[in-house]
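To keep things clear, I will list the structure first and then write my remarks on it.
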Amino acid sequence: MSASTAAAIARSIREGQTTATEVVEAHLAEIERTDGDVRAFLEVLGGTALEQAKAVDAGEVTGPLAGVPIAIKDVLCMEGIATTCGSKILEGWRPPYTATAVRRLVEAGAIPIGKTNMDEFAMGSSTENSAFGPTLNPWSTGHVPGGSSGGSAAAVAAGHAPVSLGSDTGGSIRQPASLCGVVGMKPTYGRVSRYGLVAFASSLDQIGPFSHTVEDAAIVYAAMAGHDPMDSTSLPESVGDPVGAIGRGIEGIRFGVVTELAGDAIEPEVAAAFASAIEGLGAGEVSLPSFDHALSAYYLIAPAEASSNLARFDGVRYGLRIDAADTTAMMRRTREAGFGPEVKRRIMLGTYALSAGYYDAYYGQAQRVRTLVANDFGRAFEDFDILLSPTSPTTAFEIGERTADPLAMYLSDLCTIPANLAGIPAISIPAGVDSRGLPIGLQLMAPALEEERLFAAAAELETRIGFDAKPALTGGAE
Amino acid sequence: MAITPDDVRHVAKLARLDFDEAEVARFAKDLGDILEHASKIAELDLADVEPTAHPIKLENVWRPDELRPSLTPEQALANAPAAEEQKFRVPRILEVEEVGE
Amino acid sequence: MSRFETVIGIEVHVELSTNTKMFCGCSNRFGAPPNTNTCPVCLGLPGSLPVVNEQAVRDAMKIGIALNCEVARSCLFHRKNYFYPDMPKDFQISQYDEPICFGGYLDVEGGRVGITRAHMEEDTGKSTHIGEGGRIHDATHSLIDYNRAGVPLIEIVSEPDITGPAHARAYATELRNVLRSLSVSDVKMEEGSMRCDANISLREPGGEFGTKVEIKNMNSLRSLQKALEYEEARQAELLESGKSVTQETRHWNEADGETHSMRSKEEAFDYRYFPEPDLVPQAPPLSLIEEIRSSMPELPASRRARLAEDWALTDQQIFTLTSVDGLLDLVSDAVERGTDPVTATNWATGDVLAKLKTDGVDADQSGLNGHKLADLCELVANGTLSTKLAKQVLITVMETGKGPGEVVEEEGLAQVSDESELAAIAEKIVNDNPGEAERYRAGEEKLLGFFVGQAMKATRGKGNPQALNELFRSKLSE
Ligand SMILES: [Mg+2]
Ligand SMILES: [Zn+2]
């Protein structure tokens, strides 16, 4: 596994054992061989990736990630490259600008190798809501990879790219990381600029990395984090030295298990793997009662913001247009044809929650619950340095299993949502597999801005757990 | 929480969506189910709790009043579904109409 | 005059004349070619984010202070959600229940008007309706230019304290004067940089408020008054005849001098306001508020008081001087160079203003300045120019920018006061007109004008009339 990490690739290119061109070619070949099984990519950027590799090999581009291929969730803008957000309404849209996070990674030498599939506008937990068909789990192609960043999680799990980017609004990085047996990290809200990230729910969205190792996650995070004047919600604080934190160990760190995230809703096999993964940490227990309402609050706040963020897809300036005799009819037809059912459901829900007469009972109340969740975290972090839970209540479910029941699907995010509501950093690392061989994830949460502590603890647990299973992809499908 | 087909039609209109009858029925059920779940929090007594709009405590994020490069009009219009005279073209606008005296 | 009491409230939208737009670095310049001042932010492209222009916040506070408002220690931007093709995001970033300034007043002729609030928001793009007559409902399609989208606006909302159309005009005029003195806006109603909407209702004296009607589309102060006069009479007639007023929005039509009902096709607007999650709260520090307060320019009211006292001008002169751009500066500069204030003011509010209006230019665009006005007054005072000639010189100065002395020289306009030269001319005229001389001597004294007129003709208007009067009087009595 270590041969395929970003750190190792960058080192061997730096030391002349291989070239960026060879690395990119090998990954393009692997995509060619097995992406038919997984369908992680919406577009493979072979041409531009090889050009960038040449520049690295010519010494024109240096940096901690020089020559490292990276897969980009198709919710991030790259100038001149189609950005669809998994939606028909944006098919063919080529943004005239590049997201800050992507730009910084490219400046650090990373090579975008493709745009990955996702639930439409990041709304979903299975990547089945893509207008361009589902992505399949590399561990078992009858199962979902999780979502909404399922393409980015699957791309790393399948070896198509050593690292990738996702976005996490209610667990959209950590949950698919858990289901695909890779590392997935959501930074503190405001650490990574959202400029160029197509918004789902602005007060919850964060960009974060997928990788095989905690160290790689820290390297990618460090390369893109930090203040951006183009994002008003970007934090001015120094990012510190997250990569240097790897190896600091866990001495003195007090671990707490959140009882509300480790109870009956958790599948027994997941609970058992979680228990054995944290054995020997001396973790205490902490009850955070507001978490019982976090899911409900989330499913009011996120759709409310989304209903407004997605209003601009109206057929006037870009994307799909279905013509009609007047502009109102054109907008309605365009949106009706361009959005899939889950997006419409959330737009409806959010519009309703904000509409006159319901605001206080729904949106206003959800914002108050948000305060309670943040307060509960605050209390818990007085006694504990890192909070623990399973990442997902279940392992990967079958394709189609939850598509007819939105509420069942929403429960996938039970354990990940509180960190988004409070804006704190969290990471999911692989903690084992279930009896069907499907990966199980463990979530660590730290106080806002404590990414260094989060990476240090996660790296230590990663070593203790020693997860080294790999999906076996035959490359049979085409 | 019962959501009627008329509620759905009204909200769809606000959201510029255009549902057929089957969709109206389906969304009435889905929204009803989800709001049923959400209504648990509507019942909480949180009068003393301040709402949180943002997870972070930043304020006064301002930029200096300095020019930055704009797009070229070609870039601005490159993705336009219809354009004319360097402007975005739309069908006639009927949001408000004059009805006379 | 009807037996009803008129109640009017006015909402004024003012475009700030900052360098850049409210939330992006695009130029805020009027009249650029279509869609040249646009970027991902003001086009509402997916993934773009707004960042507040500090100058707009300062200008908003300045306006609030000038209007005797309280400046909020904390305020928020909200999203106002509604679909309209000239609004790129399909929501407007505005302020809702926490505006930056509130609770002020403005003293105007006719009585004090309360200011409910002054808040920040962004302008929309501009649609052109193509088809028969260019009117919205006759159009076949519309074309949109987003140059204006995102221009900073301050919306100033008055209390319903305005008692009639003339009072409304006085309020809008004084507001414009105040804004102009702050140098925060062009405040040109014709160009739309200041836009007034008025709410008007009638009631029995001291009774309950009547049903109000909103009137829009007035593009001059005069049409504001005319539209309100029309609407006041229309409502009075309805009420007199036992009918009721319908709550609605009506558009003023300058051409036919009437207001026309605009029907909204949608049911009542439901703007679904919620706090803008892409922006953080504004909490201007006290030090900044104090800095602005202490650097306020002189406001029109205090300037008027000073002019009345120092220069002994009439109310009407003061009003004109302070209402027309650049006029007061012109007079002040002339006075500084020793011209008598009343003389300079007479010129400024008389011939100078008339010429500016004829040419349709502002004072600073004409060839005249305070220095030249002082010179002109001096040429009259020392007898070089008659008032009549001076008016002629003024026109040339304003058109060419030459100095008055230079004009007098070039055109040979200096008054002929030389006694012997004039005496020769008078002699000849008396000799050439013996009949008239006879009649004068017989007591027809009004013929003196005839002789002076002949002399003026002979000198092409340059003869000193006083000198000529005396010359003829003595010659004819010989
Ligand atoms: Mg407004
Ligand atoms: Zn712009």
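Note on naming: letters A, B, ... go to the chains in the order of the sequence lines (proteins, then strands), and numbering restarts at 1 for each one.
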For this session: Could you tell me which portion of B:Leu71 (side chain, backbone, both or neither) has an atom closer than 4.5 angstrom to a non-hydrogen atom of chain A?
Result: side chain
Seminar exercise, completed: Max heavy-atom pairs within cutoff under 4.5 Å with chain B, candidates A:Gly350, A:Pro96, A:Ser296, goes to A:Ser296
For this session: Of all the heavy-atom pairs spanning A:Met348 and B:Val8, show the shortest one and how long it is.
Result: CE-O, 3.4 Å
Problem set entry | A:Tyr97, part contacting chain B, at a heavy-atom distance under 4.5 Å | neither
Exercise. To the nearest 0.5 Å, how far apart are OG1 in A:Thr328 and NZ in B:Lys13?
Worked result: 10.0 Å
Exercise. What part of A:Met330 gets closer than 4.5 Å to chain B, counting heavy atoms only: side chain, backbone, both or neither?
Worked result: side chain
For this session: Report yes or no: does A:Arg335 contribute a side-chain atom to a donor-acceptor pair with the main-chain N or O of B:Ala15 at less than 3.5 Å?
Result: yes
Seminar exercise, completed: Interatomic distance, CE@A:Met331 vs CZ@B:Arg16, rounded to 0.5 Å, equals 6.0 Å
Exercise. To the nearest 0.5 Å, what is the distance between CG (B:Leu14) and CD1 (A:Ile347)?
Worked result: 12.5 Å
For this session: Give, for atom OH of A:Tyr358 and atom CG of B:Leu35, the distance between the pair rounded to the nearest 0.5 Å.
Result: 9.5 Å
Seminar exercise, completed: Of all heavy-atom pairs linking B:Arg26 and A:Pro341, the shortest is NH2-CB, 3.7 Å
For this session: Could you tell me which portion of A:Asp405 (side chain, backbone, both or neither) has an atom closer than 4.5 angstrom to a non-hydrogen atom of chain B?
Result: neither
Exercise. Within a strict 4.5 Å, meaning less than it, do heavy atoms of the B:Lys40 and A:Asp292 side chains meet?
Worked result: no
Problem set entry | Nearest-0.5 Å distance that lies between atom CD in A:Glu79 and atom CD in B:Gln75 | 6.5 Å
Seminar exercise, completed: Scanning both residues in full, the closest heavy-atom pair of A:Ala366 with B:Ile41 reads CA-CD1, 3.8 Å
Exercise. Which pair of heavy atoms, one from B:Ala42 and one from A:Gln365, lies closest together, and at what distance?
Worked result: O-NE2, 3.8 Å
Problem set entry | Residues from residues 301-310 of chain A approaching chain B under 4.5 Å (heavy atoms) | none
Seminar exercise, completed: Of A:Ser232, A:Gly92, A:Pro229, the largest count of non-hydrogen pairs under 4.5 angstrom with chain B goes to A:Ser232
Problem set entry | Residue selection (most heavy-atom pairs with chain B, distance under 4.5 Å) from A:Ala325, A:Ser202, A:Ala353, A:Ala448 | A:Ala325
For this session: Please look at A:Leu407 and chain B and tell me whether the side chain, the backbone, both or neither of the residue comes under 4.5 angstrom of a heavy atom of that chain.
Result: side chain
Exercise. Taking only residues two or more places apart in sequence, or in another chain, which ones meet A:Ala329 in a side chain to side chain contact (heavy atoms under 4.5 Å, CB included)?
Worked result: A:Ala324, A:Asp326
Exercise. Quick one: does A:Asp323's side chain get under 4.5 Å of B:Pro91's, heavy atoms only?
Worked result: yes
Seminar exercise, completed: In terms of heavy-atom contacts, B:Leu17 and A:Lys344 come closest through CD2-CG, 4.2 Å
Problem set entry | Proximity breakdown for A:Ile424 and chain B, heavy-atom pairs closer than 4.5 Å | neither
For this session: Let me know if A:Tyr410 has heavy atoms under 4.5 Å from chain B in its side chain, its backbone, both or neither.
Result: side chain
Problem set entry | Side-chain touch B:Val11/A:Leu349, heavy atoms, less than 4.5 angstrom | no
Problem set entry | B:Leu44 versus chain A, the contacting section by heavy-atom distance below 4.5 Å | both
Problem set entry | Nearest atoms (heavy-atom pairs only) where B:Ala53 meets A:Ser203 | O-CB, 3.6 Å
For this session: Just grab all the side-chain hydrogen bond (donor to acceptor under 3.5 Å, both in side chains) pairs involving residues 44-54 of chain B, residues at least two apart or on different chains.
Result: A:Thr371-B:Thr52
For this session: Among B:Ala12, B:Pro81, B:Ala78, single out the residue with the greatest number of heavy-atom pairs under 4.5 Å to chain A.
Result: B:Pro81
For this session: Could you list which of residues 56-66 of chain B have a heavy atom closer than 4.5 Å to any heavy atom of chain A, in residue-number order?
Result: B:Ile56, B:Leu58, B:Val61
